[in-house]
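Report on one structure; see the data block that follows.
So you know, we letter chains A, B, ... as the sequences are listed, proteins then strands, and number each from 1.
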There are 2 protein chains.
Amino acid sequence: MTSGDNQPAAVQTDLPLDTVIEDDCIAAMNRLPAGSVDLIFADPPYNLQLKDALHRPDNSKVDGVTDAWDRFDGFAPYDSFTRDWLAAARRLLKDTGTIWVIGSYHNIFRVGREIQDQGFWILNDIIWRKTNPMPNFRGTRFTNAHETLIWAAKSADKSGYTFNYQALKALNDDVQMRSDWHLPICTGAERLRDGERKAHATQKPEALLYRVLVAATNPGDVVLDPFFGTGTTGAMARLLGRRFVGIEREPRYVGIARERIAKVEPLGADERAVTKSKRKEPRVPFGVLVERGMIKPGQTLVDGKQRHAARVRADGTLISGDVIGSIHKVGAEVQGAPTCNGWSFWCFEAKGDLVPIDMLRQKVRAEMAGAVG
Amino acid sequence: MTSGDNQPAAVQTDLPLDTVIEDDCIAAMNRLPAGSVDLIFADPPYNLQLKDALHRPDNSKVDGVTDAWDRFDGFAPYDSFTRDWLAAARRLLKDTGTIWVIGSYHNIFRVGREIQDQGFWILNDIIWRKTNPMPNFRGTRFTNAHETLIWAAKSADKSGYTFNYQALKALNDDVQMRSDWHLPICTGAERLRDGERKAHATQKPEALLYRVLVAATNPGDVVLDPFFGTGTTGAMARLLGRRFVGIEREPRYVGIARERIAKVEPLGADERAVTKSKRKEPRVPFGVLVERGMIKPGQTLVDGKQRHAARVRADGTLISGDVIGSIHKVGAEVQGAPTCNGWSFWCFEAKGDLVPIDMLRQKVRAEMAGAVG
DNA sequence: GGAAGGATTGAATCCTTGA
DNA sequence: GTCAAGGATTCAATCCTTC
């Protein structure tokens, strides 16, 4: 050996920029120089603890996350693993650096507590609201429609972290960006395939990493991802003119990531300008008016000509004679019509006038206008 | 003393229903009978004060916040408090009961991990997206626009918790309710005032509790709130015909809550009715349809796409080729599927149309509902 | 060629009751 | 405790087939 004879794990003096290290993430991080990284993005195993197979109502089988890398023998080994990789990551951060960790309710509370215990200072928790999540097929819970990201500085007194407030505001139609982000999951052409199967069970969408990197790094900054997978972080870093270091244990993923990133054409400095996205008018369920007390359970609604009446139930359905159902369904049935727009059909009394319930919906939408749909 | 002389904290045999107990929540919970509560809603202190004044358990002030180890000391009393009140709460829950806890990133990770460590089984984490959050005035972070609720069963193997799936679906325009809820914060007339100032710093909106109670309780269920505050949980419980027990230490809040709840006019039984899940409806064996002559022995049933056919036998079983069995079993076998709901799969011909046999079951159920007893 | 309809799929802790 | 049987249950987006 020509160097580091007395050091079992020699610390390198330079970062291997824009490369993927094929190794265990803790061992690899411990070889990198302390205080050298501007941002860490980590997508650790979630420890899902799935039991039996799950089928959709059409009897097709759900392809769950059964990979060995997501299996732990309980909370204690998972916590120990979390403690170790977070400590290694913290050592690598510059004092002005920040860390992002993504997870679900299976693991995020354990990760979040450990982040606080190690002295990180949480800046935000961010909710990735999925536009197209997998439904709850058995009707036993709420649709698990989001994941949580934690954004934290190295410590409470370390100021000077990067937050590109104006860029994020511009990304959000000139309204301050909120802690809830509405983005699709990774599908279609973006989803990497390995023959017929998906290449990775949990590939993250590029739009998510795009927003993280625009928000919390500047061009030329170094981004480390210790659970690199198929390299979404590296691809977006290259696109946006940031440097990256990826660490990934599985050789198959490493190969896919390298190939993927090589194809990315970096944006020019002037092309990094943000693009605006259109917003649809948000859907407002009738039940929301009931929950908010704008319409009371038991209240009577009538049509504009007062030929039909219906009473409101606690869950936002209407009842008229034998007919129970949505404002649209009951409106159609009482008229003997195939369809009905309940919003314009049903009215309530306000100061002696009959007012369509759609007026209340408009009120709710006006309140929501500040929020990102 | 006239009772419980030898018991420092006598356990009461009955719950003091629809009352507010003025006491420390742990002491009060320890006096209530085990396994007596259907749902717990808890809005514990968020531990927001950490950054400005950090104190050790002995109340000495930590000098500066540069030392991560000291910060851990700051978390310790909060964790200990969390452990104690959660344990007391868990003792009170029925095996079929569930708990809801609301918090922000300051405390929710610590609470969530403790919930898991005590053996609760998380069913969902719910994001309350605020329509009108306070902006981040200094432009240093994302607008903190949400809070997190954790919904958990008493343990992983305890089934039978209440989830009114169909009611929630109805509240949401007939698509299943997601884990992200979009609701306004508590303002306007709903916000209780004590003279000029708001009566409580963190009063929760009634719409939030309305949804929690409709989702996870039935009329008559007992709801416990150990951090009762100004009694939003009690007010919504009374409105919806649930029983409540509130615990609150501050006499000022207790008085406001009692006064507030007394003004609530409960909904009538028919007004608070919600769409029931089919699981809760009375079981009607297929054979009953045959006995009643609604389906004839020898009659042919087909699936909606007319790919499969089966003949009805006198005992209410079906036969298709070699396969004999229940409507479900034969439906599954002919499709080569693991399971099948025969009620929606099999159809009969009526006036040229194919109608699912479930329509006949609904007819029978309607007749049963009309007959008393 | 294009529209319409069917098939596929996604980080999932996904049933209840009675013998 | 186990095991068998009844029967309840899906949304959005993309891709493919058919007309």
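Residue B:Lys169 has its side chain nearest to D:dT10 when only C:dC14, C:dA12, D:dT10 are considered.
Remark: A:Arg211 is positioned above the aromatic ring of A:Trp181, its terminal NZ or CZ atom under 6.0 angstrom from the ring centre and at most 45 degrees off the axis. A cation-pi arrangement, defined by a distance under 6.0 Å to the six-membered ring centre and an angle within 45 degrees of its axis, is present between A:Arg110 and A:Phe75. In this structure, A:Lys51 forms a cation-pi arrangement with B:Trp121, its terminal cationic atom sitting closer than 6.0 Å to the ring centre and no more than 45° off the ring axis.
For the pair A:Thr187 and A:Asn136, nearest-nucleotide mapping onto DNA chain D gives the more 5' position to A:Asn136.
If you measure from atom CD1 of A:Ile185 to atom C1' of C:dT9, you get 8 Å, rounded to the nearest angstrom. For the pair B:Lys278 NZ and D:dG6 P, the computed distance is 17 Å after rounding to whole Å. Regarding A:Asp52, its CG atom lies at a distance of 13 Å from the P atom of D:dC3, rounded to whole Å. Atom NZ in B:Lys276 sits roughly 13 Å away from atom P in D:dT9 (whole-Å rounding). When rounded to the nearest whole Å, the span between CD of B:Gln335 and P of C:dA7 equals 12 Å.
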Discussion item. Between A:His55 and A:Phe137, is the ring pair (Phe, Tyr, Trp, His ring centres under 6.0 Å) condition met? List the steps.
Written reply: CA-CA 8 Å; A:His55 292 87; A:Phe137 296 117; over 10 Å; no
Worksheet item: B:Phe286 and B:Trp346: ring pair (Phe, Tyr, Trp, His ring centres under 6.0 Å), yes or no, with the steps?
Response: CA-CA 11 Å; B:Phe286 177 67; B:Trp346 294 111; 9.5 Å; no
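Phosphate proximity of C:dT9 to A:Arg197: absent, as no side-chain N or O sits under 4.0 Å from OP1 or OP2. Using a 4.0 Å cut-off, no side-chain N or O of B:His328 falls inside it from OP1 or OP2 of D:dG6. Taking side-chain N and O atoms only, B:Arg279 has no distance below 4.0 Å to OP1 or OP2 of C:dT16. Here A:Gln49 does not reach the OP1 or OP2 of C:dA12: none of its side-chain N or O atoms lies under 4.0 Å away. Residue B:Trp343 places at least one side-chain N or O closer than 4.0 Å to OP1 or OP2 of D:dG7. Note on A:Lys198: a side-chain N or O is less than 4.0 Å away from OP1 or OP2 of C:dG10. For B:Asn341, a side-chain nitrogen or oxygen approaches OP1 or OP2 of D:dA8 to under 4.0 Å. Applying the 4.0 Å criterion to OP1 and OP2 of D:dG6, one finds that B:Arg283 has every side-chain N and O outside that range.
Nucleotides D:dT17 and C:dG1 place their C1' atoms 15 Å apart, quoted to the nearest Å. When the C1' atom is compared between C:dT9 and D:dT10, the two are found 12 Å apart, to the nearest whole Å. Annotation: C:dT13 and D:dG7 have their P atoms spaced 27 Å apart (nearest Å).
A salt bridge links B:Asp358 with B:Lys278: the distance from a Lys NZ or Arg NE/NH1/NH2 to an Asp or Glu carboxylate oxygen falls below 4.0 Å.
The backbone N or O of B:Trp343 sits less than 3.5 Å from a side-chain atom of B:Asn341, completing a donor-acceptor pair.
Relative orientation of the B:Phe163 and B:Trp151 rings is tilted, given thresholds of 30° and 60° on the angle between their planes.
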Worksheet item: Tell me, what's DNA chain C's dot-bracket, Watson-Crick or G-U with both distances under 3.5 Å, | for other-strand, [ ] crossing?
Response: .|||||||||....|||||
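Evaluation of A:Phe137 against the base of C:dC14 yields no stacking contact (centre distance < 5.5 Å, interplanar angle < 30° required).
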